[in-house]
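A short worksheet on the structure shown next.
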Amino acid sequence: MYRNMLVHIPTERSVRPAVDGSVSLALAFGAHLQAVAVGYISTNVPFVAEGGAAVASFYDIENERALERANAAIAVFETEAQNAAIAHSHRAFTGSYAEAVETVGAMARLTDLTIVSQPESGRDIFDNHVPQEMLFQSGGPVLFMPYTFHGALKAARVGICWDGSRLAARALRDAMPFLTKADALTAITINEANQVPSEASPAQLAKYLAQLGLPVRTVSLQSDRANVQSSILSLAADDNLDLLVMGGYGHSRLQERILGGVTREMFRAMTVPTLMSH
């Protein structure tokens with residue numbers, strides 16, 4: 001079970017998807033929920049004719065404003081957490097983007113599940129980049145909440161994106177607390193004949209889950225590479241899936257983040273809460 005959760009609360013965009021999703025999950029699992037919010041400070045030094053003292057004053061003002069943004073985001077979380085009567089804690093701090101990634105990533109490594117908001121396409125802000133970094137920095141599962149999400153997350157119908165890979169298997173195991181509580185499971189495979197090893201076929205997956213007392217319906221789809229993500233989301237809509245589980249492909253070197261094609265497109269057009277593992 002998930003006993004400890006971490007949620008990253010944005011300070012540059014809506015807090016509602018992360019707050020609503022994380023609080024409802026902590027309540028459902030009886031988990032402790034820690035919230036973290038970062039007020040970002042620009043590392044660009046302005047040109048100030050007065051010299052060092054003026055620059056120091058600029059940073060003091062920037063830091064104060066950044067902390068105000070972080071505390072405002074935490075205040076929303078605190079209200080919802082208290083109303084739900086869940087065990088919780090929080091941390092607000094200021095720093096650069098690199099400091100935020102380092103700190104939040106380290107915090108995530110000692111939690112069972114990290115919850116973040118889906119990046120909003122077309123907006124080059126820090127709160128769009130930190131969630132993606134958590135996929136590579138946390139060392140565990142990351143649940144992405146669509147930026148249109150609101151209300152409680154009830155994962156009654158779960159879709160498992162299965163290609164027989166190591167990352168898909170990692171995501172499957174990381175999602176077990178969701179799978180064991182779900183009412184219905186659907187395994188989704190794209191281009192099975194060409195992509196999935198016979199030893200890790202959907203039939204073998206169904207056999208494995210059956211041994212755990214988890215019946216699953218298998219669906220095999222055909223799609224070209226450019227439309228894999230849209231095929232998955234179309235099935236999710238048709239089957240009213242509440243949650244998707246999938247491997248997160250790519251790697252990160254902070255400033256040079258390279259995402260796999262399906263992962264990148266899922267970030268861009270996510271319509272269903274999605275648990276990813278790397």
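Position 1 is the first residue of the sequence, and the numbers go up from there.
- Side-chain rings of Phe144 and Phe267 approach one another, their centers coming within less than 6.0 Å.
- Side-chain contact between Val130 and Val38: absent, with no pair of heavy atoms (C-beta onward) separated by less than 4.5 Å.
- Side-chain atoms of Thr103 come within 3.5 Å of backbone N or O of Glu99 as a donor-acceptor pair.
- Judged by distance alone, the side chain of Asp183 and the main-chain N or O of Arg157 form no donor-acceptor pair under 3.5 Å.
- Two residues are said to be in side-chain contact when any heavy atoms from C-beta on lie closer than 4.5 Å; Val245 and Val158 meet this criterion.
- Closest of all the heavy-atom pairs between Ala92 and Leu67 is O-CD1, 4.3 Å.
- A tilted orientation is assigned to the rings of Tyr40 and Phe126, their planes being inclined by 30° to 60°.
- Residues satisfying the side chain to side chain contact (heavy atoms under 4.5 Å, CB included) test with Ser277, not counting sequence neighbours, are Pro141, Arg170, Ala171, Asp174, Leu275.
- Applying the side chain to side chain contact (heavy atoms under 4.5 Å, CB included) test to Thr218 and every residue at least two apart in sequence or in another chain returns Ala187, Pro202, Ala206.
- The environment of CZ in Arg109 is crowded: more than 12 heavy-atom neighbours from other residues, nucleotides or ligands sit within 6.0 Å.
- With a 4.5 Å cut-off on side-chain heavy atoms, Asp242 and Val272 do not count as touching.
- Remark: Glu80 engages Arg16 in a salt bridge, criterion side-chain N to carboxylate O under 4.0 Å.
- Salt bridge status for Glu265 with Arg268: present, with a side-chain N to carboxylate O gap under 4.0 Å.
- Remark: side-chain polar atoms of Ser24 are paired, donor with acceptor, to backbone N or O of Leu153 under 3.5 angstrom.
- Side-chain polar atoms of Asp60 and Asn63 form no donor-acceptor pair below 3.5 angstrom.
- The backbone N or O of Leu135 sits nowhere less than 3.5 Å from a side-chain atom of His278 that would complete a donor-acceptor pair.
- From Leu110, atom CG reaches atom CG of Leu6 across 10.5 Å, with rounding to the nearest 0.5 Å.
- For the residue pair His88 / Gln82, no side-chain donor-acceptor distance below 3.5 Å is found, with atom types taken as modelled.
- Using a 4.5 Å heavy-atom cutoff, the side chains of Leu25 and Leu143 are in contact.
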